Every structure is written in C-alpha cells, then in structure tokens.
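Notes follow the structure.
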Amino acid sequence: MPELPEVETIKNELVPHVVGRRISGVTLSWEGILKEPNAQEFDSRIAGQEVTGIGRRGKYLIFSLGSGELLIVHLKMSGSLLLGWDSSSPPRFTRAVIHLDNGRHIFFRDPRKFGRMRLLKDSTSIIGRLGPEPLEAGFTPELLARLLSKRKAPIKAVLIDQNFIAGLGNMYADEALFAAGIHPLRPAASLTRREAWRLHRAIKQVLSSAIGDKGASVTTYFRPGGEPGKAQFQFRVAHRRGENCPVCGTSLERITIRGRGSYFCPRCQPEP
DNA sequence: ACCACAACCTGGCCGC
DNA sequence: TGCGGCCAGGTTGTGG
C-alpha cells in the first residue's frame with residue numbers, strides 16, 4: 001500500500017526518466033481513473049506538455065507541467081506507476097498510459113480502481129488541508145505534543161488522519177506505535193509529554209528507514225522499474241498477527257480500529 | 001472542530 | 001474444482 005515512503009520512492013525513481021520529457025498523450029483504459037476534467041478536455045490540455053518537475057505532498061504525487069498546470073496522482077491502495085517501452089503489452093490492470101516523447105510510457109496500474117488522477121491549475125484545494133510533513137523541519141516534538149493534546153480519538157485513528165499528519169498510513173502508524181511502546185487505542189490526548197516525544201522520534205525513524213528500503217511491498221506496491229521494496233522485511237508488528245514479538249516474544253495481536261487492521265504487541269504496548 | 005462510519009473496488013488466499 | 005468469506009485500507013461524504 002503506497003504510504004509516504006512508497007510515494008517518495010516512486011517520485012525519486014520517476015524523476016530521472018520523466019522530468020524534461022514531453023507528454024505526447026494519455027490513453028485511458030478505464031475512464032473512471034480521471035477525476036477532472038473530462039476526458040476530452042484532459043487530453044487537449046495535457047498533450048504536448050513538458051514535465052518540469054515531480055513533487056510529493058503526503059501521499060499525493062504532483063507532476064508540474066510547462067503550462068504551470070499540475071497533474072496530481074493518488075495511488076490509493078493498489079496503484080502503481082510502471083515505466084515501460086512497449087505500449088502494445090501493458091501490465092495487467094493498467095487503467096491509463098501516459099506516453100512520453102522518447103517512446104517510453106508510464107503505466108498507471110491499479111487492480112482495485114481506487115486510484116485517481118486530475119489536472120488542476122492550482123493544488124491548494126487538494127493539499128491545503130493536509131497536516132504537516134513528518135520528515136520536514138516544521139514537524140517538531142512540541143508541535144506533535146500540542147496537536148495530540150486536542151484529540152480524544154484513539155491515537156491510531158489520529159495518526160492516519162491526513163489532516164493531522166500527512167503521509168502516515170496504516171502500516172507505518174502501527175510500526176511507529178510499537179516503536180514508541182504505545183497501545184493503538186490510547187486516547188491521543190492521554191499521551192504524556194515523554195510518550196509524545198518518543199512517538200515523534202519513532203515516526204521519523206520508521207519513515208526514513210522505509211524510504212531507505214525503497215518502500216514496503218506487502219501486496220501490490222512496485223517501484224517504477226517493477227522491483228519490490230524491502231521495507232516489509234523490517235516490519236516488527238504490521239501484518240504479523242500470531243507471530244512472536246521481536247522484543248518480548250509475546251504473540252502479536254490484531255484488532256480493528258476505524259475499520260482498519262491494527263497490529264500490536266499486548267505486552268510492549270500496554271492497554272489504556 | 002471533532003468524531004464515527006459507510007461506500008468505493010477487486011484480487012488473493014484459505015477452508016470446506 | 002469451485003465457492004463463500006475474509007483481508008487489504010486511503011479518501012470522500014454524511015450525519016451526529
């Protein structure tokens with residue numbers, strides 16, 4: 001599932017192949033992948049544009065175009081962007097193909113059809129509400145502690161709220177809570193100052209380490225060249241129900257919080 | 001402002 | 001071999 005480390009990796013690995021190229025056209029194999037504008041207008045506005053840069057905000061990928069417009073892509077749960085030379089044999093579940101002027105193509109593959117792309121003149125409506133970027137300097141322990149003190153919901157639910165912090169998803173929230181020794185059902189405001197600081201450190205560590213491993217290939221995530229990431233091998237609790245805790249040996253548990261599977265160690269992360 | 005939940009989607013896996 | 005049920009979970013919209 002693409003969270004911040006996966007989207008960051010995709011961005012980094014697309015840049016050398018895509019920035020400076022022109023988009024000769026886009027083929028929609030499934031029109032629902034385009035959120036706005038309509039297909040006809042999209043085609044006329046994007047054809048011939050140079051990609052001048054690729055950025056990331058939270059889990060959004062942002063392609064800057066020569067006209068100043070932005071192509072904003074969200075991969076949701078099962079999307080990937082794969083580079084290839086042969087558009088006559090796209091990967092299975094390809095929903096759109098972005099054709100580049102050097103004969104290369106970006107295949108937007110997405111089995112579950114949750115992913116979307118849109119063409120906008122201005123990104124503020126999309127990313128303006130997002131919380132702070134957890135790997136940037138503005139995300140300080142003091143800021144995290146202050147934000148947490150205002151929220152009564154379970155800390156797990158708060159961490160995956162994109163308006164609270166941008167980019168953290170289900171897997172890395174579980175990993176950060178384990179690293180900080182905090183039970184996922186603890187009310188956010190109940191964290192002590194010391195716990196908030198531990199959590200701040202854990203979030204940064206877990207995300208940076210996963211970027212170093214080029215993301216986690218738990219189910220459908222692949223890098224643009226088709227290779228998997230390696231971060232899943234570093235997971236200590238996520239998707240490991242029934243396995244033994246790497247710290248204390250206790251059997252790891254899974255509970256559902258806000259409809260999301262939450263994995264934790266009942267001993268290292270004591271009940272609220 | 002905060003909180004909670006349903007809906008959107010479909011493939012892969014497991015047990016029977 | 002087939003089939004039903006579970007699991008994966010980011011965002012949006014709705015309502016309290």
Side-chain angles (χ1 to χ4, degrees), chain A residues 1-8 10 28-36 56-62 72-81 91-96 108-118 120 123-131 133-134 146-177 184-191 207 210 215-222 228-229 231-232 235 237-243 252-264 272:
Chain A
M1 270 63 65
E3 302 181 24
L4 187 154
E6 289 73 30
V7 180
E8 179 71 15
I10 292 166
L28 301 177
S29 335
W30 177 65
E31 281 207 9
I33 199 161
L34 183 60
K35 192 151 190 174
E36 61 180 309
R56 178 193 60 75
R57 176 80 168 90
K59 302 169 191 169
Y60 290 92
L61 265 177
I62 304 169
I72 300 188
V73 173
H74 200 300
L75 299 169
K76 294 284 180 83
M77 268 108 70
S78 64
S80 44
L81 297 179
R92 200 181 169 199
F93 310 122
T94 292
R95 309 301 183 192
F108 191 160
R109 176 184 190 270
D110 185 18
R112 292 180 66 180
K113 296 182 170 176
F114 275 40
R116 294 289 184 271
M117 60 183 179
R118 58 177 104 193
L120 292 173
S123 67
T124 55
S125 64
I126 305 302
I127 64 173
R129 301 188 312 272
L130 294 178
E133 282 290 325
R146 183 156 50 82
L147 293 174
L148 287 172
S149 70
K150 291 186 272 192
R151 305 287 294 261
K152 299 221 180 308
I155 180 65
K156 170 63 183 293
V158 171
L159 287 182
I160 63 178
D161 176 355
Q162 300 303 293
N163 301 330
F164 184 82
I165 299 176
L168 212 53
N170 202 45
M171 300 182 301
Y172 295 108
D174 281 353
E175 289 298 309
L177 286 171
L185 284 175
R186 289 272 304 280
S190 77
L191 268 63
L207 293 176
S217 292
V218 171
T219 50
T220 52
Y221 164 74
F222 293 98
Q232 71 277 16
F235 283 174
V237 292
H239 300 280
R240 297 191 183 277
R241 170 167 51 174
E243 294 183 35
L252 299 174
E253 294 183 6
R254 176 188 183 274
I255 57 175
T256 300
I257 302 175
R258 291 283 218 285
R260 303 289 174 263
S262 295
Y263 298 84
F264 67 103

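A note on names: the letters A, B, ... follow the listed sequences, proteins ahead of strands, and every chain is numbered from 1. Every value quoted in this text rests on a predicted model; they were computed, and no experiment measured them. Just so you know, these numbers use all the heavy atoms, side chains as well, and skip hydrogens, waters and symmetry mates.
For the pair I257(A) CD1 and dA4(B) C1', the computed distance is 13 Å after rounding to whole Å. Atoms CZ (R116(A)) and P (dA7(B)) sit 17 Å apart, rounded to a whole Å. Rounded to whole Å, atom P of dC9(B) lies 12 Å from atom CD1 of I33(A). Remark: C1' of dT12(C) and CD1 of I126(A) are 11 Å apart, rounded to the nearest angstrom. Remark: P of dT10(B) and NZ of K113(A) are 5 Å apart, rounded to the nearest angstrom. Atoms CG (D110(A)) and P (dG12(B)) sit 13 Å apart, rounded to a whole Å. The interatomic distance linking W30(A) (CH2) with dC8(B) (P) rounds to 12 Å, in whole Å. Taking atom CZ of F93(A) as the reference point, atom P of dT10(B) lies 10 Å away to the nearest angstrom.
Contact between the side-chain N/O atoms of R112(A) and the OP1/OP2 oxygens of dG11(B) is not found at any separation under 4.0 Å. Not one side-chain nitrogen or oxygen of R258(A) sits closer than 4.0 Å to the OP1 or OP2 atom of dC5(B). A sub-4.0 Å separation between OP1 or OP2 of dT11(C) and a side-chain N or O of K76(A) is absent. Note on Q162(A): every side-chain N or O is 4.0 Å or more away from OP1 and OP2 of dG10(C). Checking the phosphate oxygens (OP1, OP2) of dG10(C), no side-chain nitrogen or oxygen of H74(A) falls inside 4.0 Å. For dT11(C), one of the phosphate oxygens OP1 or OP2 lies less than 4.0 angstrom from a side-chain nitrogen or oxygen of K59(A). Put simply, R92(A) has no side-chain N or O that comes within less than 4.0 Å of OP1 or OP2 on dG11(B).
Across dG10(C), dA4(B), dC3(B), the shortest atom-to-atom separation from the side chain of R260(A) is found for dG10(C). In this structure, the nucleotide among dT11(C), dG11(B), dC7(C) sitting nearest to the side chain of P111(A) is dG11(B).
Distance noted for atom P between dC7(C) and dA6(B): 16 Å (whole Å). Going from the C1' atom of dG15(C) to that of dA1(B) covers 15 Å, rounded to whole Å. Spacing between dG12(B) and dT11(C) at atom C1', rounded to whole Å, works out to 23 Å.
With no hydrogens or angles considered, no side-chain donor-acceptor pair links Q162(A) and Y60(A) at under 3.5 Å.
Proximity of R112(A) to K76(A): side-chain heavy atoms (C-beta onward) are nowhere separated by under 4.5 Å.
With D174(A) as reference, K156(A) is the one residue of H239(A), K156(A), R260(A) to meet the side-chain hydrogen bond (donor to acceptor under 3.5 Å, both in side chains) rule.
If you check every strand for non-hydrogen atoms under 4.0 Å, Y221(A) touches nothing. Within the nucleic acid shown, R129(A) comes within 4.0 Å of sugar-phosphate atoms alone, with no base atom in reach, counting heavy atoms only.
Of the possible donor and acceptor atoms, none in the side chain of R95(A) sits under 3.5 Å from a partner among the backbone N and O of I33(A).
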*Steps toward side-chain hydrogen bond (donor to acceptor under 3.5 Å, both in side chains) verdict (Y221(A), E3(A))*: CA-CA 10 Å; Y221(A) 164 74; E3(A) 302 181 24; over 6 Å; no

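A donor-acceptor contact under 3.5 Å is not formed by the side chain of R109(A) with the base of dT10(B).
In terms of heavy-atom proximity, M171(A) sits nearest to A238(A) at O-CB, 4.0 Å.
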